[in-house]
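See below for the structure under consideration.
None of the values given here were measured: they were computed from a predicted structure.
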Amino acid sequence: EVQLVESGGGLVQAGGSLRLSCAASGFTFRDYAIAWFRQPPGKEREGVSCISRYDGSTYYADSVKGRFTSSSGNAPNTMYLQMNSLKPEDTAVYFCAAAIGLFVCDSDYGDSRTYDYWGQGTQVTVSS
């Protein structure tokens, strides 16, 4: 059974940093992409970033470009979202999601229907 588990959320002051992790268990796929989504309080879920294990492509929402970085880790099937210069408007529950196959991260990455597996989410709260 495939499971995605996010960790690394918490409370941070504006201007601070957090690194979220997405660990996939039961994962035997070679080609896949991991996207990060977030859902602010009272709002719709939105795409934040995407990184593809297939071709190395990445994509970021304009609101986080230059501040957030997706990367793969040394641990197998672990991906990270480094979040710097955090703002109160970054407060949300953050989810990672996996799309299996020859997935290229492009402007369509934010379509949540694309993804096969989802984590339960981790809360990020940025205080002003």
Side-chain angles (χ1 to χ4, degrees):
E1 179 187 3
V2 173
Q3 284 189 322
L4 301 181
V5 178
E6 304 94 339
S7 61
L11 173 64
V12 65
Q13 287 189 328
S17 298
L18 285 173
R19 188 177 77 160
L20 305 184
S21 300
C22 176
S25 61
F27 220 69
T28 59
F29 311 106
R30 187 187 68 178
D31 297 311
Y32 60 92
I34 294 290
W36 290 92
F37 287 78
R38 67 186 181 186
Q39 187 162 17
K43 295 185 179 180
E44 297 288 318
R45 190 172 343 193
E46 61 185 12
V48 174
S49 71
C50 179
I51 181 168
S52 171
R53 280 286 211 176
Y54 163 59
D55 68 348
S57 56
T58 58
Y59 204 91
Y60 296 93
D62 288 343
S63 58
V64 306
K65 204 171 294 183
R67 300 188 297 122
F68 290 12
T69 304
S70 291
S71 64
S72 56
N74 292 327
N77 297 329
T78 301
M79 309 295 271
Y80 300 102
L81 181 67
Q82 178 67 43
M83 307 187 296
N84 298 328
S85 301
L86 283 161
K87 304 175 181 180
E89 51 263 43
D90 294 318
T91 294
V93 178
Y94 284 71
F95 302 87
C96 63
I100 308 305
L102 309 181
F103 191 92
V104 177
C105 292
D106 58 22
S107 58
D108 292 330
Y109 83 98
D111 184 350
S112 60
R113 297 169 297 177
T114 302
Y115 297 89
D116 303 289
Y117 302 101
W118 289 81
Q120 292 301 304
T122 185
Q123 176 70 45
V124 171
T125 302
V126 184
S127 63
S128 57

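Nearest heavy atom pair, residue A14 against residue S128, reads CB-CA, 4.4 Å. Closest non-hydrogen pair, G9 versus V124, comes out as CA-CG2, 4.1 Å. Closest approach of L4 to A98, counting heavy atoms only: CD1-N, 3.7 Å. Closest non-hydrogen pair, N84 versus S17, comes out as OD1-OG, 2.9 Å. The shortest non-hydrogen separation linking S52 to Y54 is OG-N, 3.0 Å.
In this structure a side-chain-to-backbone donor-acceptor pair under 3.5 Å is missing from Q120 to V5. Looking only at distances, a side-chain donor or acceptor of S57 sits under 3.5 Å from a matching main-chain atom of C105. In this structure a side-chain-to-backbone donor-acceptor pair under 3.5 Å is missing from Q13 to S127. Here the side chain of E6 pairs a donor or acceptor atom with the backbone of C96 at under 3.5 angstrom. For T91 (side chain) and V126 (main-chain N/O), a donor-acceptor pair under 3.5 Å exists by modelled atom type.
Take N77 and apply the side chain to side chain donor-acceptor pair (under 3.5 Å) test, not counting sequence neighbours, and it matches Y32. Legend: residues meeting side chain to side chain donor-acceptor pair (under 3.5 Å) with T125, ordered by chain and number and at least two apart, are Q123.
To the nearest 0.5 Å, atom CZ of residue R19 and atom OG of residue S71 are 7.0 Å apart. Once rounded to the nearest 0.5 Å, the distance linking OG of S49 with CD of Q82 reads 12.0 Å. Rounding to the nearest 0.5 Å gives a distance of 12.5 Å between OH of Y60 and CZ of R67. Distance check, rounded to the nearest 0.5 Å: CZ of F68 to CG of L20 gives 8.0 Å. In this structure, the separation between CZ on R38 and OG on S63 is 4.5 Å, given to the nearest 0.5 Å. Within the model, atoms OG of S70 and OH of Y80 stand 12.5 Å from one another, a figure rounded to the nearest 0.5 Å.
In the hydrophobic clustering of this structure, I100 does not group with V104; members are Ile, Leu, Val, Met, Phe, Trp, Tyr whose side-chain heavy atoms approach within less than 4.5 Å, directly or through other members. Transitive grouping of hydrophobic side chains (ILVMFWY, heavy atoms separated by less than 4.5 Å) brings M79 and L18 into a common cluster. Under the 4.5 Å side-chain contact rule for hydrophobic residues, V64 and Y94 share a cluster.
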Stepwise side-chain contact (heavy atoms from CB on, under 4.5 Å) check, R53 with F29: CA-CA 10 Å; R53 280 286 211 176; F29 311 106; over 6 Å; no
CA sep, side-chain torsions, deciding dist, call: D90, K87, salt bridge (Lys or Arg N to Asp or Glu O under 4.0 Å): CA-CA 5 Å; D90 294 318; K87 304 175 181 180; over 6 Å; no
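The hydrophobic cluster around Y109 extends to F37, Y59, V93, F95, F103, Y115, W118, counting ILVMFWY residues whose side-chain heavy atoms fall within less than 4.5 Å of a member.
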